[in-house]
Each structure stands twice: as structure tokens, then as C-alpha cells.
Number of protein chains: 2
Amino acid sequence: MARVRLQDVAALAGVSMKTVSNVVHGHPVVRAETRERVQRAIDQLGYRPHLQARNLVTGRTGLLALAFPTLLNPYFAELAHVFSAAAAERGYRLLLEETGGHSDSERQILSGREAGMVDGVLFHPMRLTSVEIAQAAGDLPLVLLGEEPAPISNDHVMIDNLAAAAEAVAHLLALGRRRIGFLGHEAGELSHTSRTRLLGYQQGLEAGRLRLDTSLLVRAETGDAAGAERALSAALNDGLQIDALICRHDLVAIGALRALAAHGLTVPGDVAIIGWDDITVAAELRPSLTSVQPDLPALARRALDLLAERIDDYSGVGRHELVGHRLAVRESAPAS
Amino acid sequence: MARVRLQDVAALAGVSMKTVSNVVHGHPVVRAETRERVQRAIDQLGYRPHLQARNLVTGRTGLLALAFPTLLNPYFAELAHVFSAAAAERGYRLLLEETGGHSDSERQILSGREAGMVDGVLFHPMRLTSVEIAQAAGDLPLVLLGEEPAPISNDHVMIDNLAAAAEAVAHLLALGRRRIGFLGHEAGELSHTSRTRLLGYQQGLEAGRLRLDTSLLVRAETGDAAGAERALSAALNDGLQIDALICRHDLVAIGALRALAAHGLTVPGDVAIIGWDDITVAAELRPSLTSVQPDLPALARRALDLLAERIDDYSGVGRHELVGHRLAVRESAPAS
DNA sequence: CTGAAAGCGCTTACAG
DNA sequence: CTGAAAGCGCTTACAG
């Protein structure tokens, strides 16, 4: 069955293509009688506008690329969900791009590989430096997400992880905890995310007149729950003494829960735990997880606003914005 | 900065558009010297092929829609991840479509709204009946996923949920459990997924010479962990006596873990638990979750194969295929 | 090995 | 209120 074209509808209805186009777009200029005739032809033929052709003319596709490390991390899955909904409200659809956190894949995102397929790109980098991003990003409408350093020329939206980390520490101090560890930063080169959260952790300690004790820092070989569990188990075997733990993200906290239980430590009795991202399951774990909750809807809204301006040819200096966060307080580190 | 077109490159290199096109596509016919000259022009101008334009001519976009209920359920997030990787291997990219499990959104998927934007659709329905699917699906290349009934005219790939449920029951029987409950099917109209899994559950009981006891069936108002927790808590308060529990999916099992703990019941000591989908966190819970693990890579491979054939104009009768599954045995229902 | 022309299906000025 | 023409940026036969 060959494609039904605008032209076929026009021929059947006995009008020009322009008139059919007017009906399809609901332009009110068409006489009621004509409109009806055209609509009948559309229905009869089962005509659907060919989006690619329309886009070629308008120069817009209604598609946005959303690039991030992996859907396997529930945080990014939930981020994608929120962005997908916010994008839909503005008439945009999302093209998924999992980078795996590899710099090659990240570079490809900016390479213009999508030229003509997407109107803009939302990109949560993990590895690329701001210099690399600035170099690779052409005149592609782009908004950066997350804690990686963003070049001044590009727009960037994130939560204040420095403050969030410090608040997490303050929360634990208020609970009377003094030996507060940090779990889950990379064993190899630190991601900027880890760096920022660790810095905030240090600030929080200093604000509480505690000294940073690097022996309370537990790196993990992998960023998932299993890696965190192994790392913390090994550290506990080596005599690590903690009464609280800040986890780089919730998956790490899930691994920590297992490691602590295996060592006979209760949460929050022996060790209070705070996670990061507040993924949906966090509230359903035993104990439920206290976690830094980014304001994802606000993040999506601002990022999409900025991207819309870029698509509308805004080419000024990069805007660097913060959106809100709060500590979702639950059983693993209750209110004092 | 205006777009650089094939024509601009041709002009700069002093060749025809056809020759540039040959170079871009790596056709070996071009003389080395010419190729080099063209390549220089491409680099100098920063030319990127405009995909939309190419697609309009070739009639292919390299885009596939993947439609499913929601990314908020880790199972679908992981499904999307696996499909994304498998699609990438074949040169396809995925357009995300969250239906929310609403029949309106599901109908839209099949309405041809994407006409010209995607080459085909992978669709995991939740609400639409096979009749509705058959009616709504035009000549769109389509492969159905999941347990919903599929019209004979369409291709369909799923795991054998009936067998899986029966195996889960057999596993629990082998552990000596006799009061095996089922948790998490819809309080309102049953989804076909729930229906199939319940049926397999019943088969498993009968194979073990146990009678179905409907008082061991616990419906939930919502499909998330919190809904399952509330439902099971209420049932336990009402005197429900069980020594094992099959959960409609892993999120339900997570909720069950909390409800059981709150009632002082241990897992697997008092109650053994089996979940479904084997989402990544299942292995990291306390206790780690025994769960039905679908062979997702095989699912993606087969679905993509079938879709590729549909895109290649195969228009025969629908293929209905099963891919493998196994019971991932962990702490919540250990091996006997 | 290379070029000139037609065409993918639509929209956008421009006339009328 | 409606029509005829040009053009979006590419690829595909068809010549040479």
C-alpha cells in the first residue's frame, strides 16, 4: 500500500494542496463546506502528514536528544521520565542517548551526528571536561545537566550539591553522629560529581568543627550497589569505625545497607545513612532511606526553557542555574 | 551561521553533488585525489549531512519507537536499556514513548502519529485488547511485547509467564511451603499480565496437588511498592496466614518485604518470597530477591529481528514467539 | 569515474 | 478564501 500524500487528498477533494494543508493545520480561513469535503477525503484515504517532509521545510523536528550515562541507574531513568513528560507538554519528544559514561560516546553526542534529526540536546556528561565540551559543541542548541563543569559559553542547570552535602552532614551532626563516612566515589579518577559532593561533605564537617578524616572515605570500584557493598565490607573488615555514612548516590546506599547488616550493624541505630537522588525505591527500603532529593520537575522545566531559547537562536553567554533540592528525611537518618 | 549543504561542499571542491555524496558514503568509486579534495572541503566547512533530508529520499529514518507504560518501573527502564543497545547494533535509535498504561495513549501509539518519523514500533501494551490493537494498527511495522493478548495478524514476543509462575510455585513447594499467596494484581480490572501469572500460579498449585485458596490472593490499589505494602499489611491485619508469597513484580516484592517486617515476619524464615522481572536492585535487597528473570537480550534480539522483517515489507501472518526465562534463586526463597 | 536533473512530501511566500 | 510555483537538502536513476 503506497503512501497517501497531500496531493492525493487534494486531487480527491478537488482542491489545491494549499487548501488541504490549511485544513490539516486547522487554519480557520477555509470555508466550512470546503473543509468538510477535504476532511472526508482525508478520512477516506486515511491520510497522515509525513512528518519528515514537514520538518524538512520547517527546519524543526520536534525531537530533542536526552543524553545521559545509563538507564540502569534508576536516577537517570526517573530523570528521563520527568524530562519526557515536561518535553511532551511543550510538544517535544525525546530521543534516548545512553553514553555509558564513556568519553567517546559523550563526544559523539556533541559531534553533530544528529544534525537535522533533533532540534536540540539535553546532555548530562560524566567524563568530558568543560574544555572538551566547549570544543566539541558546535552551534548545536545544547543545555548541560549535572555537576560536571560547564563551559561558560553553554547553559547549565543543576542542584547545589555542595550545599546539599553540607546539609546532609549537618543533619547527621544534629543526630549526634561524629564519625561520618563517605562511600562510593570512584576508585580511579574522581568524577566531578564525586568531587563536588566530597567537597560539600568536607564543608559540612568543618561547619560542625570536625576535621576531615580521610580514613572515613571509602571508594568503590564500581558505581552500583554491589560495588559499594564490597567496598564497605572490606573497609569494615579492615576496622573502619563509623556512626554515619553519606552515600554518593542511592544505589551505593542500598549496597551499604547489605554490608552493614552483614557486619551486624543496625541502621540507623549503629550507623545512620543518607543517600543521594531519592530514587523511588528509596522510600520503600528497610529502613527507608533519607536522601537528597533534587527538584526534578524544576530541573526539567528550566533546562527546557533554556533550550527553547537556544533553539530560538539565543546565542548569548551561557546561563548557569541552580534548582532546588531538599533532604527527604526517613528512617535511615531520622529527624533529631 | 547558516547550514552548510552538500551543494556548498561541491562548489568549494569544484565537483558535483553526486561526487560529494559518494565521498560521504564512502563509495569506493571516487578517485583518491578527488576524494581528498572533497574531504578537505567537508572539514573546512564543517559539513554534516542533514539527516531529515536524506531520510525523506530513502524513506527510512533509522528511528524506532519503543512504547511502554513507564520508566518509573525499573523493569521497563532496564528493558529500554537492553533494547537501546540492541537497536544501536543494528543502526537504529529509539524514540521513547511512555503510555502511562492509559488506553488513550496506547491508541495514539498505533494511530500513525509518527508517520514518517519512525521506521517501526515496538509496543508493550497494558490496556488495549487484541481487537483494538488489530483495528488501530494500520500497515505500520509493529512488534508487540509483553503478556497482553496479541492479534494473530501481528508479531509478538514474550516469555512464558504461565510456565514461569508454575515454576515459581514449584520452587516454593519444594521448600515445603503450603500456604502460598499471590500479591499485587490489580484491585480493579485485571491486566492480562496479572491474569496470566495468576493462571500459572494456579497451575503450579494444582501440579503440587494443592487447591487454589482465593483468600491467599491479595490485590493492590496501585502497582508500586507502597501500594503492595499497604495491601499486604491490611491483609495480615485481617489475619492472612501465609508461608510464601509470589509477587506480581519486583516492586511489589519490595513493598511486601516492608509489610512482613512490620508484622514481625522474617523472610525467608516465616515467609518465602519470589518476585518477577529480576530488576537490578533485586539482587541487592535484604534479603536478596528470588525473581523470575526474563531473557531480555533474547527478547530484544527477536523483537528487533521480526521488526526488521516487517520494515522489509514482510506482511505475512503474525509470528508469536517465546523467549527464555529462569528463576534467579536468591535469599528470599533459597534453593531447597 | 563524474555530472545534470528529477523527485522525496511537505510548507511558504506570492498572486489572485 | 484558494491556487501555482518554488524550495527545504538530500539521493537516485540516467547519461556520458
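Only a predicted model underlies this, so the values are computations on that prediction, with no experimental measurement involved.
Toward the 5′ end of DNA chain D lies the nearest nucleotide of Val30(A), the other residue of the pair Leu56(A) and Val30(A) mapping further downstream.
Straight-line distance from the CD atom of Glu33(B) to the C1' atom of dC1(C): 12 Å, rounded to whole Å. The CZ-C1' distance, from Arg5(B) to dC8(D), rounds to 10 Å in whole Å. Atom-to-atom, CZ of Arg31(B) to P of dC1(C) comes out at 8 Å; the value is rounded to the nearest Å. Taking atom CG of Leu51(B) as the reference point, atom P of dG9(D) lies 14 Å away to the nearest angstrom. Arg60(A) places its CZ atom 14 Å from the C1' atom of dC8(D), with the value rounded to the nearest Å. Atom pair Met117(A):CE and dG9(D):P shows a separation of 16 Å (rounding to whole Å applied). Atom pair His50(A):NE2 and dC10(C):P shows a separation of 7 Å (rounding to whole Å applied). As a whole-Å value, the separation of Arg35(A) CZ from dT2(D) C1' is 13 Å.
Asp119(B) has no carboxylate O lying under 4.0 Å from a charged side-chain N of Arg90(B), or vice versa, which leaves the two without a salt bridge.
Neither side chain, Gln108(A) nor Asp104(A), offers a donor N or O lying under 3.5 Å from an acceptor on the other. Side chain to side chain, His156(B) and Glu321(B) fail the donor-acceptor criterion of an N or O pair below 3.5 Å.
Note: Leu45(A) CG to Arg40(A) CZ = 13.0 Å, rounded to the nearest 0.5 Å.
In a base pair of the Watson-Crick type (N1 to N3 plus N6-O4 or O6-N4) or a G-U wobble (N1-O2 and O6-N3), with each distance short of 3.5 Å, dT2(D) is matched with dA15(C).
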With sugar-phosphate taken as primed atoms, P, OP1 and OP2 and all else as base, the protein-contact string of nucleotides 11-16 of chain D at under 4.0 Å (heavy atoms; B, S, -) is BBB---
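The cationic group of Arg301(A) does not satisfy the cation-pi geometry with Phe83(A), failing either the under 6.0 Å distance to the six-membered ring centre or the 45° limit from the ring axis.
Taking the six-membered ring where the residue is Trp, Phe68(B) and Phe76(B) present parallel rings, their angle staying beneath 30° rather than reaching 60°.
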